[in-house]
Amino acid sequence: MKTYQIPYLLSFVFILSCATTSSMIFDYDIDEDFNQHNTFIICEDDLIAKNTRYPQQDNTKIRDLLSEEVTFKLESLGLEVDTNNPDLQAGFRLIITEETSSFRDCSELDEFQYWEKCRLKTITYTTETLILYVSNLKKNQIVWQASIPCEMNKSKSRLKSHINELVNTLYETYPNTIKPIN
């Protein structure tokens with residue numbers, strides 16, 4: 001290898017090591033014919049906020065926006081809303097968990113003392129995960145689901161676009177061809 005190529009190689013390795021990996025997870029039933037379905041309904045139970053301890057991350061407004069985006073996405077895939085006899089049921093879960101982390105915090109007491117005082121500090125934080133799913137109502141089973149870490153505590157002006165981005169990212173894994181709209 002020529003020596004002038006080494007800096008380029010090192011730069012390439014550095015860039016790859018800094019690249020973030022997506023923590024999106026998805027799965028679907030490989031035996032399901034997703035093109036046979038024409039209608040869907042949103043699960044009404046998913047419109048009710050479940051994480052009442054975290055009203056900034058889970059509330060009626062967030063769930064309404066999620067429902068609107070999922071409905072829009074499925075309609076763009078050629079499915080129609082049918083409240084009487086739907087083929088599929090689409091829904092979502094917003095999972096919020098509380099995590100704790102402990103670490104040593106060492107600091108000088110003041111400018112006249114030489115010894116550091118070390119304490120064990122514990123911080124508590126929440127993690128949020130959005131899960132979207134689609135169930136085949138005739139089989140009574142989930143046929144597709146996808147999840148991604150998220151952060152729903154956004155300003156009102158940013159929340160809609162954030163939810164739109166999350167739903168679009170997750171539905172990129174949906175195994176369906178776009179049906180022609182009549």
Side-chain angles (χ1 to χ4, degrees), residues 12 15-51 54 56-99 126-182:
F12 180 72
I15 290 170
L16 284 180
S17 69
C18 292
T20 60
T21 58
S22 174
S23 51
M24 179 175 59
I25 300 169
F26 70 96
D27 195 14
Y28 64 94
D29 183 351
I30 59 172
D31 295 326
E32 184 73 17
D33 181 7
F34 287 87
N35 292 316
Q36 75 177 353
H37 304 295
N38 297 312
T39 58
F40 75 97
I41 190 167
I42 297 291
C43 180
E44 289 183 18
D45 289 343
D46 294 345
L47 300 175
I48 301 167
K50 311 268 190 301
N51 301 294
Y54 308 101
Q56 297 300 320
Q57 291 107 325
D58 187 5
N59 55 52
T60 307
K61 176 69 174 167
I62 290 171
R63 288 182 175 265
D64 287 345
L65 288 171
L66 282 166
S67 176
E68 288 171 16
E69 288 299 324
V70 168
T71 299
F72 178 77
K73 191 61 182 176
L74 288 173
E75 286 176 339
S76 72
L77 292 173
L79 298 168
E80 296 178 6
V81 175
D82 181 356
T83 56
N84 296 325
N85 191 25
D87 300 329
L88 303 171
Q89 176 176 284
F92 49 87
R93 297 280 188 265
L94 191 54
I95 309 296
I96 301 174
T97 57
E98 202 169 89
E99 306 281 334
T126 59
T127 60
E128 302 168 54
T129 304
L130 174 63
I131 303 169
L132 301 183
Y133 67 90
V134 173
S135 302
N136 181 328
L137 291 174
K138 290 175 182 63
K139 291 181 178 180
N140 196 26
Q141 75 178 34
I142 293 175
V143 292
W144 172 82
Q145 66 181 3
S147 68
I148 193 167
C150 63
E151 184 181 329
M152 294 297 181
N153 190 5
K154 303 274 185 200
S155 66
K156 289 181 182 181
S157 61
R158 177 78 178 104
L159 184 61
K160 183 168 177 56
S161 64
H162 178 66
I163 288 175
N164 180 352
E165 183 181 318
L166 289 170
V167 170
N168 282 329
T169 299
L170 291 172
Y171 268 100
E172 286 175 3
T173 67
Y174 190 76
N176 190 4
T177 57
I178 296 178
K179 297 178 181 183
I181 297 176
N182 297 330

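All figures in this text were calculated on a predicted structure; none of them were measured in a lab.
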When rounded to the nearest 0.5 Å, the distance separating NZ of K160 from NZ of K61 is 7.5 Å
Sub-3.5 Å donor-acceptor pair from the side chain of N168 to the main-chain atoms of N164, do we have one? yes
All heavy atoms of N59 vs all of A49, minimum pair found to be CA-CB, 4.0 Å
For C43 and G91, the nearest pair of non-hydrogen atoms, with its separation, is CB-CA, 4.5 Å
Original post:
Got more than 12 heavy atoms from elsewhere within 6.0 Å of NZ, K139?
Top reply: yes
Query raised in the report: Are the side chain of T39 and the backbone of D87 linked by a donor-acceptor contact shorter than 3.5 Å?
Result: yes
Side-chain touch K73/V70, heavy atoms, less than 4.5 angstrom: no
One should read off an interatomic distance between L159 CG and E151 CD, to the nearest 0.5 angstrom, of 11.0 Å
Note: P86 and K138 closest approach over all heavy atoms is O-NZ, 4.5 Å
Step by step, would you call R63 with K50 a side-chain contact (heavy atoms from CB on, under 4.5 Å)? CA-CA 10 Å; R63 288 182 175 265; K50 311 268 190 301; 3.7 Å; yes
In L94, I62, N153, N51, the residue satisfying side chain to side chain contact (heavy atoms under 4.5 Å, CB included) with Q57 is N153
In this structure, CZ of F92 is separated from OH of Y133 (nearest 0.5 Å) by 8.0 Å
Close side-chain approach of F34 to L79, heavy-atom, < 4.5 Å | no
Check: Hey, mind stepping through D29 and Q141 against side chain to side chain donor-acceptor pair (under 3.5 Å) and telling me if it holds?
Finding: CA-CA 10 Å; D29 183 351; Q141 75 178 34; 2.8 Å; yes
Original post:
For the residue pair Y28 and F26, does the interplanar ring angle fall in the parallel (under 30°), tilted (30 to 60°) or perpendicular (over 60°) class?
Top reply: parallel
*Do S67 and D46 come within less than 4.5 Å of each other through their side chains, counting heavy atoms only?*
no
message = Apply side-chain contact (heavy atoms from CB on, under 4.5 Å) to residues V167 and L132 and explain how you reach the verdict.
response = CA-CA 8 Å; V167 170; L132 301 183; 4.2 Å; yes
Discussion item. Just checking N140: does its CG atom have more than 12 heavy atoms from other residues, nucleotides or ligands closer to it than 6.0 angstrom?
Written reply: no
Between the CD1 atom in I25 and the CG atom in L170, the distance rounded to the nearest 0.5 Å is 10.5 Å
OG1 (T71) and CD1 (I42) are apart, to the nearest 0.5 Å, by 3.5 Å
Original post:
Any side-chain heavy atom of E75 within less than 4.5 Å of one from V81?
Top reply: yes
Q: I would like to know whether L66 and E69 meet side-chain contact (heavy atoms from CB on, under 4.5 Å); could you show each step before the answer?
A: CA-CA 5 Å; L66 282 166; E69 288 299 324; 6.0 Å; no
Distance col, row L137:CG vs F40:CZ, nearest 0.5 angstrom, shows 12.0 Å
